[in-house]
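Predicted model, so just to flag it, every value in this text is computed and none were measured. Basis for what follows: all heavy atoms, side chains included, without hydrogens, waters or symmetry-related copies. Per chain, numbering begins at 1; letters A, B, ... match sequence-line order.
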Amino acid sequence: MPALTYREAIRDAMSEAMRRDDDVFVMGEDIAEMGGSMGVTQGMLDEFGPDRVRNTPISEMAIVGAGIGAAVSGMRPIVEVMYQDFMTLAMEQLVQQAAKHRFMSGGQIKVPLTIRTQGGAGWSPGAQHAQQLEAWFLHVPGIKVVFASTPADARGLLWSSIYDDNPVVFFEHRTLYNLKGDVPAEIDGIELGRARVHREGEDVTIVATGRLVHEALKAAEEAEQDGISVEVVDPRTLLPLDEETIVASVRKTSRCVVAHEAVVRMGFGAEVAAIVQHQAFDYLDAPVERVGAKFAPIPFAPVMEEYVIPHAEDVLAAVRRTMGKD
Amino acid sequence: MASQVTLPRLGQGMESGTIVRWLKSEGDRVEKGDALYELDTEKVTQEVEADASGVLLKILAGEGEEIEVGKAIAVIGEQGEEYSPPESADSDGEEELTATAGVEQQAEQRARVAPRPQAAEQMENGGRVKASPLARRIARERGIDLSALRGTGPEGRIVAEDVERAEKAPPAAPAPAAAPAAPTGEVETIPLTGMRKTIARRMTEAWEAPAFQIAMTADVTAAIRLRQALVARTGEGEAKPTYSDILTKVCAVALMRHRGVNALFGGDEIQLQPTANVGIAVAVPNGLLVPVLRSCEGKTIPQLAAERADLVARTREGKLRQEDLEGGTFTISNLGMYGVERFVAVLNPPQAAILAVGAIEERAVARDGELLARPIMEMTLSCDHRTVDGATASEFLRTVKQFLEEPGLAL
């Protein structure tokens, strides 16, 4: 199995799709000569030329709008929005246009658009460049939302996103770009809506996304020292959500912790908690715990940033609470 | 808003209590968590804490009065605040408190109890038993009365484990309605920790395997000489090889020669393992762990001693990693240091066998018609009959015995 970084895995999916398929192209701010502000599209201009690796003006609304136009005209555009914080500027295009066309046209129009965007705290980017806003998009019928946590998942899920006929918002986490991991020799799609069980356990289920998958795995190892056996489930696709895997896991363990970097309030964890209490009520032996950022703008100061965002120790504390061991 | 302080139910079966003494007076400032009054029930006398902060506006129940559970005994609010006068504590007990402004908060702001050890009973919340949904389901399915149980979860919640424990042990008879006596001869209940639960589950599983045992003794004269030679060559700061390390090595070599014993039971298959990964049982407070030494067949005894010393140290310090506990193909349990002559170990599934090793003792042995005193060690091999049969097991154990008696054969 070859090993790729998370960054290389994402580039590999895009490049391979562009080699096989003339309809696929990428566009975004500074993605051509500069290779993107996170270096994800580096080298792609040389291989595919400026018609297929397109720099855009600094207008997220225009970039996403152009992506929608290309998608409804039969292309499979991949749009890069430099920071997910800037997605706020593209919400009208995404929520009002991309998410609605297929339904309002009675299925006559498809929008096979992929919007790649990244973000997350942990490197002191400040309040306007550090948010995790995935929950905003989960509230909108008509789009799919993906959040990959490993190189293999990033490549397989991006592949499926590109070839999905619906608009997909594909979240990447800034601190994972250099994470290296094995990927299958042959590129292959990972079905959207399928969770990955990273680790099996008997006592507590942690449902974690993005960076928190890795924090959850660390917490699980710590908990194991304490005789607490932890199962770690990464939904990978937040919409559609693999409720079946999550519920089956909680029915087995009787306890559930949901962990994400986004703020707890009204977050993805709230939806998971609701699903779990509804579908596994008679199996719960403890209240569902949620782990996430404190309800505050992310501070610049590294020490304060660290205080606001969740880490493995916060996940472990939640695991221990579900076991009545706090 | 003013809130009523009501008489809490401190234990099961408590219907009423007597206020021994108010620890605050009307008009006093009260902080949540302050001891508010002393309460005498049939079982104990204890201080009860306030669960709301404010001013003690009114005491409704006098000292020495017997009050029913749930009745208002005081009002806490802000200075000068109007409060709707609740029914006095000694009013007709037939009527429940009516819905005045304070009643809704009553459940939340009910006085919290600072339990003394003898009063650590499950607290009910307005007659509702606090239990997890899973505990309720198990209780419903098995016909167990939750109100008879004591919860060990957070805030006294009955969790699934409490119900399962109750099913195994019949409920204790209610405590005699007498003044609290010194707890003499009472059963001490130790809830199972995660490790003990794992031991309980794994050992019960092991008991389901059809096990048989075979035993042999070995004359360890040569092994003792070998150990002395190895110890003499041990540098400063290096781990001294023990008999266990020698055993680990000879078992590993023997396992590679009798691979049928170096096997795992896989349900519908037997999995012969490519390397001898030997687990060593290590006692820790309240349990034991079995960290694994990997590929022992290819390591020297000093190497094994160093790895063993590191594993045992980390086991005792609680610093084992999960992978240290995984991948074992065979286990050795040595109780020789306790003077145990021989014992039978319980299998460590899915491993095919476990070797129980006793103490080295000088015994009288007949050799060529002469009686000799020789150092003897007894070994008992427990085997999973689904994976290994008596003949294979015996050949393996005979090889171990030969290696101990003539270590050169293991080369």
For A:A13, all residues meeting side chain to side chain contact (heavy atoms under 4.5 Å, CB included), sequence neighbours excluded:
A:R155, A:L158, A:I187
For the side chain of A:E8 and the backbone of A:T5, is there at least one donor-acceptor N/O pair under 3.5 Å apart?
yes
Should we say atom CE of A:M304 is surrounded by more than 12 heavy atoms from elsewhere, each under 6.0 Å from it?
no
Inter-chain donor/acceptor N,O pairs below 3.5 Å: chain A to chain B:
unit_1 : atom_1 : unit_2 : atom_2 : d
A:Q225 : OE1    : B:L320 : N      : 3.4
A:Q225 : NE2    : B:L320 : O      : 2.1
A:D282 : O      : B:R137 : NE     : 2.7
A:L284 : O      : B:L134 : N      : 2.7
A:D285 : OD1    : B:S132 : OG     : 2.4
A:D285 : OD1    : B:A160 : N      : 2.7
A:D285 : OD2    : B:A160 : N      : 3.0

Determine whether the side chains of A:Q118 and A:H173 contain a donor N or O and an acceptor N or O closer than 3.5 Å.
no
Where along residues 258-272 of chain A does a heavy atom come under 4.5 Å of chain B, listed by residue number?
none
With side-chain contact (heavy atoms from CB on, under 4.5 Å) as the criterion, how do B:L325 and B:V290 come out once you've worked through the C-alpha distance, each side chain's angles and the decisive distance to 0.1 Å?
CA-CA 6 Å; B:L325 296 166; B:V290 186; 5.6 Å; no
Does A:K180 make a cation-pi contact with A:Y6, if we ask for NZ or CZ under 6.0 Å from the ring centre and within 45° of the axis?
no
With side chains defined as the heavy atoms from C-beta onward, is the minimum distance between A:L284 and B:L134 less than 4.5 Å?
no
Check: A:F137 ring centre within less than 6.0 Å of A:F171 ring centre
yes
Residues in ring pair (Phe, Tyr, Trp, His ring centres under 6.0 Å) contact with A:W136, at least two apart in sequence or another chain
none
